[in-house]
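Below: one structure, written as C-alpha coordinates.
In what follows, chains are A, B, ... by sequence order, proteins preceding strands, each numbered from 1. Fair warning: this is a prediction, and the values are worked out from it, not measured in the lab. FYI, side chains are in, hydrogens and waters are out, and symmetry mates aren't considered; it's all heavy atoms of this structure.
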Amino acid sequence: MNDFDQRWQVLARKAGRLLDESLPGLPPGLAARVLARSREAPVESWEDLLGALSLRAVLVTTCLCLVCAGWAFSEWYEVRIERPALERSMTRELPLPWP
Amino acid sequence: MSEAFDVQTCIGRVRNGDQWASRALVEHLHPLVRRLVRNHLPRRESEEDLVQEAFIKVFQKLDGYQPRDGIPFEHWVSRLTVRTCLDALRAERVRPEWRMADLGENEAGWLDFLLSRQAVEPASSSADAQAIVTRLLALLSAPDRLVLTLLDLEQRSTLEISEITGWTRAMVKMRAMRARFKLRQIARRVMKNDFPEP
(Lines give C-alpha, C1' and ligand atoms only; values in the text may rest on other atoms or scores of the structure.)
Protein backbone atom coordinates (compact mmCIF):
# COMPACT_ATOMS: atom_id res chain seq x y z
CA MET A 1 0.00 0.00 0.00
CA ASN A 2 1.52 3.32 -1.03
CA ASP A 3 1.55 6.57 0.91
CA PHE A 4 -1.57 7.94 -0.78
CA ASP A 5 -3.53 4.78 -0.06
CA GLN A 6 -2.55 4.85 3.63
CA ARG A 7 -3.58 8.48 3.95
CA TRP A 8 -6.81 7.77 2.08
CA GLN A 9 -7.60 4.99 4.57
CA VAL A 10 -7.13 7.44 7.46
CA LEU A 11 -9.44 9.96 5.79
CA ALA A 12 -12.04 7.33 4.83
CA ARG A 13 -12.14 5.88 8.35
CA LYS A 14 -12.70 9.33 9.81
CA ALA A 15 -15.43 10.11 7.27
CA GLY A 16 -17.01 6.68 7.74
CA ARG A 17 -17.72 7.39 11.41
CA LEU A 18 -20.61 9.60 10.38
CA LEU A 19 -22.27 7.07 8.08
CA ASP A 20 -24.44 5.32 10.64
CA GLU A 21 -25.41 8.40 12.59
CA SER A 22 -28.92 9.79 12.87
CA LEU A 23 -30.91 7.52 10.59
CA PRO A 24 -34.48 8.85 10.48
CA GLY A 25 -37.47 6.68 11.32
CA LEU A 26 -39.91 5.21 8.85
CA PRO A 27 -41.56 8.05 6.91
CA PRO A 28 -45.36 8.06 7.27
CA GLY A 29 -47.14 6.40 4.35
CA LEU A 30 -44.00 4.83 2.86
CA ALA A 31 -45.35 1.28 3.08
CA ALA A 32 -48.68 2.28 1.49
CA ARG A 33 -46.92 4.12 -1.36
CA VAL A 34 -44.56 1.22 -1.98
CA LEU A 35 -47.41 -1.29 -2.10
CA ALA A 36 -49.48 0.85 -4.44
CA ARG A 37 -46.58 1.59 -6.79
CA SER A 38 -45.26 -1.97 -6.84
CA ARG A 39 -48.69 -3.19 -8.00
CA GLU A 40 -49.21 -0.60 -10.72
CA ALA A 41 -45.69 -0.44 -12.24
CA PRO A 42 -44.56 -3.20 -14.62
CA VAL A 43 -42.05 -5.60 -13.12
CA GLU A 44 -39.41 -5.10 -15.79
CA SER A 45 -39.86 -2.65 -18.63
CA TRP A 46 -37.81 -2.75 -21.83
CA GLU A 47 -35.94 0.30 -20.53
CA ASP A 48 -34.84 -1.69 -17.49
CA LEU A 49 -33.72 -4.47 -19.76
CA LEU A 50 -31.74 -2.03 -21.89
CA GLY A 51 -30.22 -0.55 -18.76
CA ALA A 52 -29.27 -3.97 -17.51
CA LEU A 53 -27.72 -4.94 -20.83
CA SER A 54 -25.92 -1.62 -20.84
CA LEU A 55 -25.38 0.61 -23.82
CA ARG A 56 -22.04 -0.96 -24.67
CA ALA A 57 -23.54 -4.42 -25.01
CA VAL A 58 -26.27 -3.05 -27.27
CA LEU A 59 -23.67 -1.27 -29.43
CA VAL A 60 -21.52 -4.38 -29.76
CA THR A 61 -24.58 -6.46 -30.68
CA THR A 62 -25.67 -3.87 -33.25
CA CYS A 63 -22.19 -3.82 -34.81
CA LEU A 64 -22.12 -7.63 -34.97
CA CYS A 65 -25.56 -7.67 -36.60
CA LEU A 66 -24.44 -5.10 -39.19
CA VAL A 67 -21.27 -7.06 -40.00
CA CYS A 68 -23.28 -10.29 -40.35
CA ALA A 69 -25.88 -8.56 -42.53
CA GLY A 70 -23.13 -7.06 -44.72
CA TRP A 71 -21.41 -10.43 -45.12
CA ALA A 72 -24.69 -12.16 -45.96
CA PHE A 73 -25.53 -9.46 -48.52
CA SER A 74 -22.11 -9.67 -50.18
CA GLU A 75 -22.45 -13.48 -50.47
CA TRP A 76 -25.90 -13.18 -51.96
CA TYR A 77 -24.75 -10.43 -54.37
CA GLU A 78 -21.74 -12.45 -55.56
CA VAL A 79 -23.93 -15.46 -56.28
CA ARG A 80 -26.30 -13.29 -58.27
CA ILE A 81 -23.47 -11.85 -60.39
CA GLU A 82 -21.69 -15.11 -61.01
CA ARG A 83 -24.62 -17.30 -61.95
CA PRO A 84 -25.20 -15.95 -65.47
CA ALA A 85 -21.48 -16.30 -66.33
CA LEU A 86 -21.49 -19.88 -65.14
CA GLU A 87 -24.66 -20.63 -67.04
CA ARG A 88 -23.20 -19.06 -70.20
CA SER A 89 -20.07 -21.19 -70.05
CA MET A 90 -22.13 -24.32 -69.39
CA THR A 91 -24.31 -23.70 -72.39
CA ARG A 92 -21.24 -23.01 -74.60
CA GLU A 93 -19.31 -26.10 -73.54
CA LEU A 94 -22.03 -28.68 -73.32
CA PRO A 95 -23.14 -30.22 -76.59
CA LEU A 96 -26.76 -29.49 -77.21
CA PRO A 97 -28.91 -32.57 -77.74
CA TRP A 98 -30.79 -31.01 -80.62
CA PRO A 99 -29.53 -29.62 -83.92
CA MET B 1 -36.40 -3.81 14.93
CA SER B 2 -37.65 -6.84 16.84
CA GLU B 3 -35.34 -9.82 17.17
CA ALA B 4 -38.33 -12.16 17.08
CA PHE B 5 -39.26 -10.96 13.62
CA ASP B 6 -39.63 -14.02 11.40
CA VAL B 7 -38.70 -12.88 7.92
CA GLN B 8 -39.61 -16.07 6.07
CA THR B 9 -43.09 -16.24 7.59
CA CYS B 10 -43.60 -12.58 6.84
CA ILE B 11 -42.53 -13.08 3.20
CA GLY B 12 -45.01 -15.94 2.87
CA ARG B 13 -47.78 -13.73 4.16
CA VAL B 14 -46.78 -10.87 1.85
CA ARG B 15 -46.96 -13.25 -1.11
CA ASN B 16 -50.49 -14.14 -0.05
CA GLY B 17 -51.44 -10.47 -0.18
CA ASP B 18 -51.36 -9.67 3.55
CA GLN B 19 -51.05 -5.89 3.78
CA TRP B 20 -50.09 -5.89 7.46
CA ALA B 21 -47.22 -8.24 6.74
CA SER B 22 -46.09 -5.94 3.90
CA ARG B 23 -46.04 -2.98 6.26
CA ALA B 24 -44.14 -5.00 8.85
CA LEU B 25 -41.59 -6.03 6.23
CA VAL B 26 -41.04 -2.41 5.14
CA GLU B 27 -40.61 -1.41 8.78
CA HIS B 28 -38.14 -4.23 9.37
CA LEU B 29 -36.03 -3.48 6.28
CA HIS B 30 -36.17 0.30 6.43
CA PRO B 31 -32.96 0.92 8.47
CA LEU B 32 -30.94 -1.38 6.19
CA VAL B 33 -32.25 0.13 2.95
CA ARG B 34 -32.01 3.67 4.28
CA ARG B 35 -28.38 3.26 5.33
CA LEU B 36 -27.37 1.81 1.97
CA VAL B 37 -29.18 4.51 0.03
CA ARG B 38 -27.69 7.27 2.16
CA ASN B 39 -24.16 5.98 1.61
CA HIS B 40 -24.58 5.66 -2.15
CA LEU B 41 -26.84 8.56 -2.91
CA PRO B 42 -26.28 10.54 -6.12
CA ARG B 43 -25.97 14.30 -5.63
CA ARG B 44 -29.26 15.35 -7.16
CA GLU B 45 -31.39 12.43 -6.05
CA SER B 46 -33.72 12.59 -3.06
CA GLU B 47 -32.94 10.02 -0.38
CA GLU B 48 -36.65 9.39 0.24
CA ASP B 49 -37.34 8.80 -3.45
CA LEU B 50 -34.49 6.34 -3.84
CA VAL B 51 -35.51 4.45 -0.69
CA GLN B 52 -39.02 4.17 -2.11
CA GLU B 53 -37.69 3.00 -5.48
CA ALA B 54 -35.57 0.33 -3.80
CA PHE B 55 -38.56 -0.94 -1.80
CA ILE B 56 -40.73 -1.04 -4.93
CA LYS B 57 -38.13 -3.27 -6.61
CA VAL B 58 -37.98 -5.50 -3.54
CA PHE B 59 -41.76 -6.03 -3.60
CA GLN B 60 -41.93 -6.47 -7.36
CA LYS B 61 -39.22 -9.12 -7.35
CA LEU B 62 -40.24 -10.82 -4.12
CA ASP B 63 -41.85 -13.74 -5.97
CA GLY B 64 -38.49 -14.50 -7.55
CA TYR B 65 -36.70 -14.68 -4.20
CA GLN B 66 -35.61 -18.16 -3.18
CA PRO B 67 -34.27 -18.63 0.36
CA ARG B 68 -30.84 -20.26 0.36
CA ASP B 69 -29.02 -21.85 3.27
CA GLY B 70 -26.80 -19.49 5.18
CA ILE B 71 -27.74 -16.48 3.07
CA PRO B 72 -30.15 -14.17 4.89
CA PHE B 73 -32.96 -12.36 3.11
CA GLU B 74 -31.29 -9.07 4.02
CA HIS B 75 -28.40 -9.89 1.63
CA TRP B 76 -30.84 -10.20 -1.24
CA VAL B 77 -32.43 -6.87 -0.28
CA SER B 78 -28.98 -5.23 0.05
CA ARG B 79 -28.07 -6.42 -3.42
CA LEU B 80 -31.25 -5.02 -4.95
CA THR B 81 -30.80 -1.72 -3.10
CA VAL B 82 -27.16 -1.32 -4.12
CA ARG B 83 -28.09 -2.10 -7.72
CA THR B 84 -30.81 0.56 -7.58
CA CYS B 85 -28.27 3.09 -6.25
CA LEU B 86 -25.74 2.08 -8.90
CA ASP B 87 -28.32 2.67 -11.64
CA ALA B 88 -29.11 6.09 -10.14
CA LEU B 89 -25.40 6.95 -9.94
CA ARG B 90 -24.89 5.86 -13.56
CA ALA B 91 -27.82 8.03 -14.63
CA GLU B 92 -26.08 11.04 -13.12
CA ARG B 93 -24.25 12.06 -16.26
CA VAL B 94 -22.82 15.40 -15.19
CA ARG B 95 -19.92 15.21 -12.75
CA PRO B 96 -19.50 18.23 -10.48
CA GLU B 97 -16.52 20.50 -10.96
CA TRP B 98 -14.76 22.18 -8.09
CA ARG B 99 -11.45 23.83 -7.27
CA MET B 100 -9.35 24.25 -4.16
CA ALA B 101 -10.86 27.70 -3.77
CA ASP B 102 -14.29 26.12 -3.24
CA LEU B 103 -13.06 24.19 -0.21
CA GLY B 104 -13.21 25.34 3.37
CA GLU B 105 -9.98 25.56 5.35
CA ASN B 106 -10.47 22.19 7.03
CA GLU B 107 -11.42 20.41 3.79
CA ALA B 108 -8.33 21.87 2.12
CA GLY B 109 -6.29 20.62 5.08
CA TRP B 110 -7.50 17.08 4.43
CA LEU B 111 -6.64 17.36 0.74
CA ASP B 112 -3.15 18.57 1.70
CA PHE B 113 -2.82 15.61 4.03
CA LEU B 114 -3.93 13.23 1.28
CA LEU B 115 -1.22 14.45 -1.06
CA SER B 116 1.47 14.48 1.62
CA ARG B 117 1.90 18.23 1.64
CA GLN B 118 0.94 18.14 5.28
CA ALA B 119 2.40 15.22 7.17
CA VAL B 120 0.19 15.34 10.24
CA GLU B 121 -3.43 14.21 10.27
CA PRO B 122 -5.68 17.29 10.52
CA ALA B 123 -7.48 17.72 13.82
CA SER B 124 -10.72 18.80 12.14
CA SER B 125 -14.05 17.04 12.57
CA SER B 126 -15.39 13.92 10.85
CA ALA B 127 -17.86 16.18 9.04
CA ASP B 128 -14.99 17.94 7.27
CA ALA B 129 -13.46 14.60 6.38
CA GLN B 130 -16.80 13.42 5.04
CA ALA B 131 -17.26 16.60 3.02
CA ILE B 132 -13.96 16.20 1.18
CA VAL B 133 -14.53 12.47 0.69
CA THR B 134 -17.97 13.17 -0.82
CA ARG B 135 -16.47 15.77 -3.14
CA LEU B 136 -13.71 13.43 -4.29
CA LEU B 137 -15.95 10.39 -4.74
CA ALA B 138 -18.45 12.41 -6.79
CA LEU B 139 -15.75 12.79 -9.45
CA LEU B 140 -15.37 9.03 -9.89
CA SER B 141 -17.46 6.72 -12.06
CA ALA B 142 -20.44 4.98 -10.42
CA PRO B 143 -18.77 1.55 -9.94
CA ASP B 144 -15.54 3.13 -8.64
CA ARG B 145 -17.46 5.25 -6.18
CA LEU B 146 -19.51 2.27 -5.08
CA VAL B 147 -16.54 0.02 -4.41
CA LEU B 148 -14.62 2.64 -2.42
CA THR B 149 -17.67 3.52 -0.33
CA LEU B 150 -18.33 -0.13 0.49
CA LEU B 151 -14.71 -1.07 1.10
CA ASP B 152 -13.09 1.99 2.67
CA LEU B 153 -15.96 3.95 4.21
CA GLU B 154 -18.31 1.17 5.30
CA GLN B 155 -15.33 -1.12 6.00
CA ARG B 156 -16.99 -4.16 4.43
CA SER B 157 -14.99 -7.22 3.43
CA THR B 158 -14.35 -8.10 -0.20
CA LEU B 159 -16.53 -11.19 0.30
CA GLU B 160 -19.47 -9.08 1.46
CA ILE B 161 -19.00 -6.67 -1.45
CA SER B 162 -18.83 -9.58 -3.82
CA GLU B 163 -22.18 -10.87 -2.48
CA ILE B 164 -23.80 -7.44 -2.66
CA THR B 165 -22.59 -6.43 -6.10
CA GLY B 166 -22.28 -9.77 -7.85
CA TRP B 167 -18.65 -9.02 -8.81
CA THR B 168 -15.95 -11.58 -8.06
CA ARG B 169 -13.59 -10.89 -5.14
CA ALA B 170 -10.68 -10.41 -7.53
CA MET B 171 -12.75 -7.91 -9.47
CA VAL B 172 -13.60 -6.03 -6.27
CA LYS B 173 -9.91 -5.77 -5.35
CA MET B 174 -8.92 -4.69 -8.84
CA ARG B 175 -11.67 -2.08 -9.04
CA ALA B 176 -10.74 -0.69 -5.63
CA MET B 177 -7.09 -0.43 -6.62
CA ARG B 178 -7.91 1.35 -9.87
CA ALA B 179 -10.43 3.61 -8.13
CA ARG B 180 -7.83 4.73 -5.57
CA PHE B 181 -5.37 5.38 -8.39
CA LYS B 182 -7.94 7.55 -10.17
CA LEU B 183 -8.72 9.30 -6.91
CA ARG B 184 -5.05 10.20 -6.49
CA GLN B 185 -4.93 11.59 -10.03
CA ILE B 186 -8.05 13.67 -9.39
CA ALA B 187 -6.69 15.06 -6.11
CA ARG B 188 -3.40 15.93 -7.79
CA ARG B 189 -5.18 17.62 -10.68
CA VAL B 190 -7.23 19.77 -8.31
CA MET B 191 -4.12 20.74 -6.40
CA LYS B 192 -2.09 21.38 -9.58
CA ASN B 193 -4.71 23.71 -11.01
CA ASP B 194 -4.52 25.91 -7.97
CA PHE B 195 -0.79 25.66 -7.41
CA PRO B 196 0.70 25.31 -10.90
CA GLU B 197 4.27 24.12 -10.90
CA PRO B 198 6.82 26.65 -12.20
Side-chain angles (χ1 to χ4, degrees), chain A residues 1-70, chain B residues 14 19 22-27 30-31 34-35 38-39 47-48 51-64 83 87 90-91 110-111 113-116 119 121-122 124-134 136-137 148-149 151-155 177 180-181 183-184 187-188:
Chain A
M1 196 181 276
N2 61 33
D3 191 44
F4 176 86
D5 285 4
Q6 284 173 355
R7 286 164 184 269
W8 164 252
Q9 293 298 335
V10 172
L11 174 59
R13 260 196 297 275
K14 183 121 184 176
R17 281 180 206 156
L18 288 182
L19 290 182
D20 290 342
E21 281 184 7
S22 65
L23 277 179
L26 188 69
L30 175 69
R33 285 199 301 277
V34 166
L35 287 180
R37 291 274 311 277
S38 61
R39 281 192 204 116
E40 70 188 29
V43 175
E44 194 104 76
S45 66
W46 66 270
E47 287 158 331
D48 292 334
L49 195 65
L50 264 184
L53 284 172
S54 90
L55 189 62
R56 269 177 290 183
V58 173
L59 282 175
V60 168
T61 314
T62 311
C63 287
L64 277 175
C65 286
L66 283 175
V67 168
C68 290
Chain B
V14 171
Q19 291 209 359
S22 303
R23 281 169 213 276
L25 193 63
V26 170
E27 206 171 320
H30 182 256
R34 188 85 181 204
R35 186 174 293 117
R38 176 169 288 187
N39 295 350
E47 190 176 307
E48 300 265 337
V51 166
Q52 184 173 310
E53 202 179 314
F55 269 117
I56 289 169
K57 282 193 183 167
V58 167
F59 276 86
Q60 283 179 335
K61 292 174 191 278
L62 198 61
D63 286 336
R83 209 178 293 163
D87 289 345
R90 280 191 175 125
W110 274 110
L111 197 60
F113 168 73
L114 210 53
L115 294 170
S116 311
E121 183 184 331
S124 57
S125 66
S126 294
D128 293 319
Q130 199 187 33
I132 189 69
V133 164
T134 308
L136 286 169
L137 291 181
L148 286 192
T149 306
L151 194 67
D152 295 339
L153 268 78
E154 295 182 21
Q155 302 280 312
M177 205 176 73
R180 286 194 204 106
F181 180 73
L183 204 63
R184 183 169 54 179
R188 277 186 181 157

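- Contacts of Leu62(B) with chain A are absent, with no heavy-atom separation under 4.5 Å from either backbone or side chain.
- With rounding to the nearest 0.5 angstrom, the CZ atom of Arg37(A) is 9.5 Å from the CZ atom of Arg33(A).
- Of the atoms belonging to Leu35(A), it is side-chain heavy atoms, and not backbone ones, that fall under 4.5 Å from chain B.
- Contact of Glu48(B) with chain A is made through the side chain alone, with heavy-atom distances under 4.5 Å.
- Heavy atoms closer than 4.5 Å to chain A are found nowhere in Leu25(B), neither backbone nor side chain.
- When heavy atoms are compared at a cutoff of 4.5 Å, Gln155(B) approaches chain A solely by way of its side chain, counted from C-beta outward.
- Between Arg83(B) and Asp87(B) there is no salt bridge, since no side-chain nitrogen of the basic residue lies less than 4.0 Å from a carboxylate oxygen of the acidic one.
- Neither the backbone nor the side chain of Val58(B) comes within less than 4.5 Å of any heavy atom in chain A.
- Atom CD1 of residue Ile132(B) and atom CG of residue Leu114(B) lie 8.0 Å apart, to the nearest 0.5 angstrom.
- Contacts between Ala127(B) and chain A at a heavy-atom distance below 4.5 Å involve backbone atoms as well as side-chain atoms.
- The backbone N or O of Phe113(B) lies less than 3.5 Å from a partner atom in the side chain of Arg7(A), making a donor-acceptor pair.
- The side-chain heavy atoms of Asn39(B) and Leu153(B), taken from C-beta on, include no pair separated by under 4.5 Å.
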